[in-house]
Amino acid sequence: MADVTLVEAVNMALAHEMAANEDVVVLGEDIATNGGVFRATVGLKDRFGFKRVMDTPLAENLIAGTAVGMATQGLRPVAEFQFMGFIYAGMEQIISHAARMRNRTRGRLSCPVVFRAPFGGGIHAPEHHSESTEALFAHIPGLRVVIPSSPKRAYGLLLASIRNNDPVVFLEPKRLYRAVTQSVEDDGEALPLDTCFTLREGSDVTLISWGASIAETLEAADALAEQGVSAEVIDVATISPLDRETLLCSVAKTGRCVIVHEACRNVGVGAEIAASIAEAAFLDLQAPVVRVTGYDTIMPYARNEMAYLPQVADIVEAVEQVIAL
Amino acid sequence: MADVTLVEAVNMALAHEMAANEDVVVLGEDIATNGGVFRATVGLKDRFGFKRVMDTPLAENLIAGTAVGMATQGLRPVAEFQFMGFIYAGMEQIISHAARMRNRTRGRLSCPVVFRAPFGGGIHAPEHHSESTEALFAHIPGLRVVIPSSPKRAYGLLLASIRNNDPVVFLEPKRLYRAVTQSVEDDGEALPLDTCFTLREGSDVTLISWGASIAETLEAADALAEQGVSAEVIDVATISPLDRETLLCSVAKTGRCVIVHEACRNVGVGAEIAASIAEAAFLDLQAPVVRVTGYDTIMPYARNEMAYLPQVADIVEAVEQVIAL
Amino acid sequence: MKDRYAFHVDSIAYLDESGDALGDLPEWSDDRDTILDAYRHMVLTRTFDNKTIALQRTGQCGTYPSVLGHETIGTAIGQTLAKDDVLVPYYRDHAAQLLRGVTLTEMLLYWGGDERGSAYAHCPEDLPVAVPISTQCCHAVGVGASFRIRDQKRAVLCSLGDGATSKGDFLESVNLAGAWHLPVVFIVTNNQWAISTPRHLQTGAETIAQKAISGGLPGIICDGNDYFAVRHALMHALERARTGKGGSVIEAVTYRLGDHTTADDATRYRPAEELKQAWEREGVKRLQSWLHHQGLWDSDREQALQVSCRNQVDKAVEAYLATGPQPPTAMFDHLFETLPAALAGQYERLQRREVKHG
Amino acid sequence: MKDRYAFHVDSIAYLDESGDALGDLPEWSDDRDTILDAYRHMVLTRTFDNKTIALQRTGQCGTYPSVLGHETIGTAIGQTLAKDDVLVPYYRDHAAQLLRGVTLTEMLLYWGGDERGSAYAHCPEDLPVAVPISTQCCHAVGVGASFRIRDQKRAVLCSLGDGATSKGDFLESVNLAGAWHLPVVFIVTNNQWAISTPRHLQTGAETIAQKAISGGLPGIICDGNDYFAVRHALMHALERARTGKGGSVIEAVTYRLGDHTTADDATRYRPAEELKQAWEREGVKRLQSWLHHQGLWDSDREQALQVSCRNQVDKAVEAYLATGPQPPTAMFDHLFETLPAALAGQYERLQRREVKHG
Ligand SMILES: Cc1ncc(C[n+]2csc(CCOP(=O)(O)OP(=O)(O)O)c2C)c(N)n1
Ligand SMILES: Cc1ncc(C[n+]2csc(CCOP(=O)(O)OP(=O)(O)O)c2C)c(N)n1
Ligand SMILES: [Mg+2]
Ligand SMILES: [Mg+2]
C-alpha cells in the first residue's frame, strides 16, 4: 500500500502488467531513458529493457500505426502520445484501423492497444498542450474512451484497459497528475470498463463530470451542501461505450442534472449525455439538463486559460438555476 | 438557368468563383486532368490552367497543410479530399492550424480554405468510402461545417464558403450527387452560412436533418401527411456554428422533434441538437426529442449498408412514437 | 572543406521484352517447376481478373481494381515469402494473396462488399487489405517490431503503389525500419499511375527506390514484368531481413494495363499510345515466351491451362454467388470482443427492425 | 543487367573549432560589417535567452525553449533572407525571428502565454511558431506554391529540428517541393537531440541531409556552429530558390547546449561529457575568436556590447511585464472574422461572469 499520485498510479499499473504479461510493451516519444515527459513510464526501461520499452522517432501517425501492427501479432502495446494536442496525426490509424481491425477481419485479428495521452488544461503550458477532445474519439465506434480522475481509478482502469482485447483511448487529466495522493494497493485488481463511478450520493441534483473537472465538481457539491442542497456526483470515467444506466438511475432519483466538462460544449460528450438523459428521463426531469463546459473557442494561451475552464462558482450557479425551476 | 445535379452545381460554383476571383485555386488528388473522381472539378483545368487547378501527390496531410500555407498568402484554396474516409490524415492540419491561424496571430493571418469532401453511404463503395463523421469537425472551434442537400443549396453554400474568410469543411452527400436535378441560375448569389433551411412547414412535429438523409426525411413527411400528421422539415445545412434559433422556433410551434442523421448516434451532431432543444425548449416539449440515426457500429460493407442507413419507416415510426406521447 | 556522402540504387533485369535472357539468369532458374507454377498462377490470376470485371459489369460485384499488369510482381511475392513470413498487402496484390492462401471466393466476397472476405482461413496472420493508401506501411513495421521483440527470424513484406510513396506513412515507416533495424521489405509497384496522376507529378525523385535512402535503407529497382528480376530482388531482400540484416525497398517497375478500378475510365487522362507500348512489355506473355524458348511450353499446354483456370474461377464464383449475406446484426458481432451493455438496445432494435421490414 | 543511379550530399565547413579558417573563406566574407552585426546579434540572442530562463524560473514566463547553441544558425537565416522572402520558423528560431522584425517583447509575450506574441507587427507575412512538430513544412510549401502561382520571385525558408525530419510532414513537403519545383529551402537544425531522443534513435540514415534525395531535392550539410558555412549554404540555396531552380535541404549540425525547455532536465538522459565537448565547438565563441584573429574585436568592444544587449533586453522585459493580459473575451475576438450569432450567448456569459468573479 503506497500513497501515490495519479501519474505514479499510471506507472504502477504499467509496471504491474508488464511484469505479469510479456506481451505488454510500451512505446512513444521520450518514454524509455527519460521515463516520459510526465514521468509516467519512469523505471520501465531499466526493469523491462529496451525491447519492450521503445523510444520512437518523432511521428505520432507512426506510433499509432506501429502499435496497430504489433497488436495484430498479439502484442498488447501501450502507446503514449506526449500530449493529446499531438494525437491528431495519429487519427487515421486510430479511426480507420485500430477501431476496425477486429470488425474488418471478422474477429481474425484484433487490436488490443491502449493509446495513452495526458489531456486538459490548467498547467500553464504552451499552445496545443491543454486540449480536451475526448468527444472526437467517443464518436468512433469500436473505440473505448476511458478517463480516470483519481490515482485508484487510474490504476484500476489502466489495468482493465491493457487487459481488454480492444483498443482504448486512455486520457489522463494532467492537471490531476500530481494534485493529490491516494493510497493504492498494487494488487492487480482492475476496475470495470462499463460502469460510471458514483463518488458521492445525493438527492437534489445529479452532477455528472469526468477528468480534471471532477475536482471542481466535488468542491461545488461541498459548497452546495452548505446551502442545504444535496448533490450526487458521478464520475463517468468510461466515456464510451457509455453506462447510461447509472446516470439515468441517479436522475430518476434527483430529477435534476448538471453536466460539467472542460472540453468545448458544441458536440461534446456532454451533449450526448444530456440528449440521452433528456430522452430517457423525460418524465423524471424537473428542470432542463444544463451543461457547464469550456467555451466554444480555441483554448486560450496560459495567461487566460483559467477564464476558459469551468469554475466551482459556475457549477454552483448552474445548480441554483436548475433547482430554482 | 440550367437543370443540374448536385455535383454539377458544385462544379458551377467552383467555376463561377474562380472566374470572379483570381485568388481562388483548387487542389487535390485527380482533380485536374481527370476532373475529380466524381467529376466535381471537371473542366476547371482547361479553363483556368494547371497553375490554379493542381493535382497533388497522394498525401492528405500535405493537401490540408499546403492549403493552409497558401491561405496565409491570401489565396483562397478549395482543397478536395477524394472521400471523407481519407480526411483523417489531414486532421492535424485542420484542427491545429486551419482552425487556429486567425486566433493564433490575433487576426494577422487567416485561413480562408474550403475543405471539400464527398461523404455518406449508399453508393455501394468499398470500406472507408461511406463515412459520415461531420461531428468530428463540428466539435472544433474555429471551423465551419456546411452540408448542402440540393443542387441550389450546393451552389449557394459553396459560393458562400469560398467567400468566407475562415475555414469551412464542406461535405457533399455523394448519394445525392446525381439523385435529382434542379434548375440553378449561375448568378453568383451566395446563401447565408448561419441559417438553417426550412424545407417544409408543419405544425405537429419538427423533423431536423441534413445531408442525404433529407431525402428520406422529406419522404417520411409525405407519408406522415397521409396519416394526417403535419411535419415541419428543416435542413440544418450549416452544421456549425449552429443556428439554434430556427430550430427552437419550430419546436416552440410543434412541441415535438425528431432528428435524423446518417452518422453514428453516439456524440453525433444530433446529440448537440437534441441537448440544445431539450434545454432551451424544456417547457415547450410535449415529448422527448428522439434521434433516428446510424448505429454505433462500423459502417457495414456494401452488401449490408442499407441496413445501417436510416429508412423512411424508421422516421415515421419515431414520429408516431413522439406523437403518441 | 568538403566531405562527400555517396548513395546509389541499382536497377536489375534478366529478360528483355520478348522473353530472351539478357545474360546469365539467377542460379535458382534451374528450378523449372517453380517457374512453370509461376506462369500458371499468373494465368489464373488474369482469368480471375477478367471474370471479376465481368461480374462487376453485370452488377454482381462491387467496385474492383484490376490486377492486369501486376501478375508478375504478385506471383513473385507469393512464391518468395515463407509460410511464416507476413504479407501486408495492398489492393492490387491478388496474385500474391492467392498464393498465400486467400481463396478466390474470399477475394470475391471482399470486392463484393462482404467483410468475411478478409477472414482468410488459410493465412491467419496476413493483414487484410488496407484501403487508406500507405497506412499499411506502419502496420508492417509494427509486425516487424513484434518479430524483433520476440526474437523471431521472420520477415514482413509490405506492398504498396507508386502513389502511396508520397504519403508520410511510407516514409515514416521506412525511417523506423532503418532506425530499429526491422525485418521489413517494402515493395513498391510502380505502375506509372495513381488513378489519373502520372508518376512525374507524384514525385520529383528520379526513382522511387531512392526514397529508401531517407531512412538509411538500401533501395533497388527491378523490372516488374520480369519474373526473374522481381523474384531475385525479393529473395535477396527477404533473406537479408530474416537473417537480421535489416529492411529494404524494392521498386518494381510495371504499367497498369487496365483502368484504375471498374469505377474509372482511363481514356480520360491516359494516352492510348502509352498503353499500347506497355502491352509490349507486359510480364505474363514475356514469361510464356521464355518458357516457349526453353521448350517448356506449347499451345496444347496453354489451352489446357486456360480451361483449368476457367474451371477453378467458375467454381469460386459459384460459391461466392451462393453465399448469402450476413444478417444485418453482424455489424455488431465483431465491433468489440463482446457486445458492451451500452449497445444491447441498438442491437435489439436492429433485430426487431429486420423482422419488421424484411 | 544492372543500371546505377548515384546520389550524394556534401558537407561544408570554413572555420575550425577555434575560429581559424580551414581554407579560403567565401567571397562575401569581405563584408566585415555584416559579420560584426552577426556576432552582435548572437550575443543579443544569448542575453535574451539567459534573461528569459531567469524569468521562467521566477514564475514570470511560461515554459521556454532555450536557444543556446542555435544562435549561429538563426543569425545566418535572419541575415540571408530577403525582406520579402517568408520565414516559416520553428520554436528555436529566436535569432532568426528577431532579425526578421519580431520584437523581443513579442517573443516574451508568446512564451509568457499571450497570443499577441504572434501578431508580428514588423514581419506580417512570416508564419508564427507551429508547436506541432514538422507541421510547418506543409505551410512552407503552400507559401512556396502561392509564389509560383503568382509568378513571384520570392523564397520560403522552412526551419525545423532533427526530430521533425521523422514526421511525414517534412518528407511529404520535400516531395512536393521537388514535384512542383517550389522555391522552398528547408533548414534542419540537427542539434543531436529531440528532447531525450538522440539522433541515432531518430533515424538510421547516415545524414539528415540525404532525406532530400527522397523528393529529388539537393541536400547539403554544413557545420551549424560555423557562421560562414551556414550563411554560405543558405545564400546559395535561397538564390537557387528565388531564381526558379527549385528547393533544397540544408542540414546544419550543432548541439543543444541547454535543456530541451525549462520543463526538461537533460541530466536525466544526456552524458555530461558529451555536453562538455559540444561547448568546445559552439558558434558564438568561435565567431568571436575569428573576429579577434582579424583584429575586428577586443574585450572593450565585448564589454560595451554586453552592456548594450542587457539594456535592450531589460527594456523589452519591462514592456512585457507592463503589458496587462487580454480580457477573457479576447478568446472570441479572432475565432472567426466576425463573431457568429451562435456564439453571442457564450460571449455575453463570459463577459458577465468576469464582471462577477473579478
Ligand atoms: C489515403 C487515401 N487517399 C486516397 C485514396 C483514393 N485512392 C485509391 S487508390 C488511389 C491511387 C493509388 O495509387 P498507387 O499507390 O500508385 O497504386 P495503384 O492504384 O496505381 O496500384 C487513390 C488516390 C485512398 N484509398 N486512400
Ligand atoms: C507533433 C508533436 N509531437 C510531439 C511534440 C512534443 N515535442 C516538442 S519538441 C519535441 C522534440 C523536437 O525535437 P527536434 O525536432 O529535434 O527539435 P529541437 O527541440 O531539438 O530543436 C517534441 C517531441 C510536439 N510539439 N509536436
Ligand atoms: Mg500506381
Ligand atoms: Mg533536435
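The model shown is predicted, which means the values in this text are computed figures rather than measured ones. All chains are named by letter (A, B, ...) in the order of the sequence lines, taking the proteins before the strands, and each is independently numbered beginning at 1. All heavy atoms count here, side chains included; hydrogens, waters and symmetry mates do not.
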Heavy-atom pairs under 4.5 Å with chain D, option from B:R244, B:H97, B:E245 with the top count:
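Counting heavy-atom pairs under 4.5 Å, the top option is B:H97.
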Selection from B:M101, B:K51, B:Q73 maximising heavy-atom pairs under 4.5 Å formed with chain D:
B:Q73
Atom group of [X] that falls short of 4.5 Å from chain B, counting heavy atoms:
X      : value
D:V86  : side chain
D:D169 : both
D:A119 : both
D:Y110 : neither
D:A140 : neither

Top of D:L343, D:L176, D:V141 for chain B proximity - count of heavy-atom pairs under 4.5 angstrom:
D:L176
Under 4.5 Å, counting heavy-atom pairs only, tell me which of D:A145, D:P132, D:A121, D:C137 racks up the most with chain B.
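Of D:A145, D:P132, D:A121, D:C137, D:P132 has the most heavy-atom pairs under 4.5 Å with chain B.
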Could you check if a side-chain atom of B:M54 sits within less than 4.5 angstrom of a side-chain atom of D:I149, using non-hydrogen atoms only?
yes
Taking the side chain as every heavy atom from C-beta outward, state whether B:Q93 and D:T135 have any pair of such atoms under 4.5 Å apart.
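Yes; the side chains approach each other to less than 4.5 Å.
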Heavy-atom distance under 4.5 Å to chain D: side chain of [X], backbone, both or neither?
X      : answer
B:T72  : side chain
B:N61  : both
B:T56  : both
B:R108 : side chain
B:L62  : both
B:D166 : side chain
B:I63  : neither

Determine, for B:D23 against D:R150, whether the closest basic-nitrogen to carboxylate-oxygen distance falls under 4.0 angstrom.
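Salt bridge present between B:D23 and D:R150.
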First locate atom [atom1] of [X], then atom [atom2] of [Y], and finally report the distance between them rounded to the nearest 0.5 Å.
X      : Y      : atom1 : atom2 : result
D:R116 : B:T105 : CZ    : OG1   : 14.0 Å
B:R106 : D:H334 : CZ    : NE2   : 4.5 Å
D:E337 : B:C111 : CD    : SG    : 13.0 Å

Main chain of D:L335, side chain of B:R102: is a donor-acceptor contact present, judged purely on distance under 3.5 Å?
no
Between D:E115 and B:N103 (side chain of the first, backbone of the second, donor and acceptor by atom type, cut-off under 3.5 Å), is there such a pair?
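No; judged by distance alone, with no hydrogens or angles, the pair does not exist.
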Cation-pi check, B:R144 to D:F336: give yes when NZ or CZ is under 6.0 Å from the six-membered ring centre and within 45° of the ring axis, no otherwise.
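Here B:R144 passes the 6.0 Å and 45° test against D:F336.
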More than 12 heavy atoms of other residues, nucleotides or ligands under 6.0 Å from CD of B:E22: yes or no?
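No, CD of B:E22 has 12 or fewer neighbouring heavy atoms, counting only those of other groups under 6.0 Å.
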Smallest separation among heavy atoms of [X] and [Y], with atom names:
X      : Y      : value
B:G69  : D:V143 : O-CG2, 3.5 Å
B:L109 : D:P124 : CD2-O, 3.6 Å
B:R104 : D:S118 : O-CB, 3.4 Å

Between B:E92 and D:K167, is the salt bridge (Lys or Arg N to Asp or Glu O under 4.0 Å) condition met? List the steps.
CA-CA 12 Å; B:E92 178 165 49; D:K167 197 156 173 279; 2.6 Å; yes
